[in-house]
Amino acid sequence: MKVLVIGPGGREHAIVRSLLADPNVSEVHAAPGNAGIGKLVPTYAIDGNDPDAVAALATRLGVDLVVVGPEAPLAAGVSDAVRAAGIPVFGPSKAAAQLEASKAFAKQIMAEAGVPTAMARVAGTIEEAADALDAFGTPYVVKDDGLAAGKGVVVTRNRDEALAHAQSCFDAGGTVVIEEFLDGPEVSLFVLCDGRNTVALSPAQDFKRIFDNDEGPNTGGMGAYTPLEWAPEGLVQEVIDRVAQPTVDEMARRGTPFVGVLFVGLALTSRGTRVIEFNVRFGDPETQAVLARLKTPLGALLLAAAKGELDKAEELRWSKETAVAVVVASENYPDTPRTGERIRGLKKVEELEGVHVIHAGTKLDEEGKVVSAGGRVLAVVALGTDLVEARERAYDGVELVQLEGGQFRTDIGGKAARGEIKVASTATSSLPVTKAKA
Ligand code: AMP
Ligand code: GLY
């Protein structure tokens, strides 16, 4: 089968790489892609957020499946246009993508489906915001209601800072969602959905803040690892039963079935498992780590989801190894990243055992050299027999990447490798699990 992948980032490079390893897949195309994707498959310089342009390209190429990577094209209705052209698409409709595009909508669905999440209030004025902050107390959590690439959330103990963030969202014409603070470690779980059925991938952990020890502003994600040795047994089943399936059922009941990845962002709090947020696409950079371990052919799986046939798909198989992805970002990311810098050393990275490079914000300059073109530039992904080995390999690779002003976190998977992540006991997992691989 022929597949077209839409998107410019690391997630899409990882998807393309996995599709090329699927014996069912004869051709992969990508738009717009990046320098890493362009080395693997033909790319097309169209606007990936333009529904008509994507549908026209998919039709012209005669593909059997379109996979939409990022949230922006989904929220713009790219899936709807491709579906209307009669081509199966892995990615939710514009209506179903509201689960990510509007935090208020997501909260409404969660309430109707009985999904455990943080208590929240929507505020449209500074007075309402102040009331909500005082109702929930510190730490304050203030979220821009619209799409903000993971950067629209402020978590702070400073009331003025919380109010200032709310005001900046109002000034931009938006509303905010103010929530109770959720404690405990975070988990990213990707659930493949075909409108009715759900299949969970292996849980991962992401690192949102720019600096080590979770300091500095939020980013799109600075690294990830999977699987989570410390996660309570039964976590995935609990999330399917209490979160993903009820959500998919509710979306179907409303006549807006959910087809694609439901990305469940979770906090394992002292009061039980809670949803922090929904996204409607694979996470970036979690996907780089998760797909590195998936042995089941990806193309067949995504096509089954697109066609409403996930119940007939083969059971997922995983490598026993642990995967770590460490992001290298541009100088001054996440503010105003400095781009256009030469990137060197990637060949040497690829020569390391168990290591590969996934490009994110990269492009070829006029001389055909790879240069940075975005905030998050690339990820070094490593597999190892355990988290300790996978981390060592990933960081050996990162050391070989030459990028002027490049920044990376040195503690991706560090706490877990040292056995320092603790999960408080929850309703379904009565044993506190603190075990981690040495
Ligand atoms: P979101 O865009 O909703 O995923 O939020 C980005 C990040 O902000 C999350 O990954 C959390 O680290 C943090 N966050 C969001 N909501 C909460 C909450 N209610 N309590 C604690 N941290 C939160
Ligand atoms: N890494 C989190 C996200 O993709 O939103």
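Just so it is clear, the model here is predicted, and its values are computed rather than measured. Whatever order the structure lists ligands and atoms in, that order sets their numbers, starting from 1.
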So for Leu182 against ligand 1, with non-hydrogen atoms under 4.0 Å, the contacting part is both

Any heavy atom of Asn218 under 4.0 Å from ligand 1? The part involved is side chain

Would one find an N or O of [X], backbone or side chain, under 3.5 Å from an N or O of ligand 2?
X: Lys208; result: no
X: Glu277; result: no
X: Gly220; result: yes

Atoms in ligand 2 with a heavy atom of [X] nearer than 4.0 Å:
X: Asn279; value: 5 (O)
X: Gly283; value: 4 (O)
X: Asp206; value: 1 (N), 2 (C)
X: Arg281; value: 3 (C), 4 (O), 5 (O)

Would you call [X] and [Y] a salt bridge, taking side-chain N to carboxylate O under 4.0 Å as the test?
X: Glu179; Y: Lys107; value: yes
X: Asp214; Y: Arg409; value: yes
X: Lys415; Y: Glu420; value: no
X: Glu286; Y: Arg11; value: no

Is it true that the side chains of Asp212 and Thr410 contain a donor and an acceptor less than 3.5 Å apart?
-> yes

Give a yes-or-no answer on whether the side chains of Thr219 and Arg209 include a donor-acceptor pair shorter than 3.5 Å. no

Per-atom filter on ligand 1: closer than 4.0 angstrom to a heavy atom of Ile276 are 15 (C), 16 (N)

Under 4.0 Å from one or more heavy atoms of Val141, ligand 1 contributes atoms 16 (N), 17 (C), 18 (C), 19 (N), 20 (N)

A student comparing Glu186, Lys103, Lys143 should find that the heavy atom closest to atom 9 (C) of ligand 1 comes from Glu186

Q) Backbone N or O of Pro8 within a donor-acceptor pair of the Asn34 side chain at under 3.5 Å? A) yes

*asked:* Keeping Glu250 on the side-chain end and Pro246 on the backbone end, is there a donor-acceptor pair under 3.5 Å?
replied: no

For residues 127-139, the salt bridge (charged side-chain N to carboxylate O under 4.0 Å, His left out) pairs (sequence neighbours left out) are Asp134-Arg159

Checking heavy atoms under 4.0 Å, the part of Glu286 that sits near ligand 2 is side chain

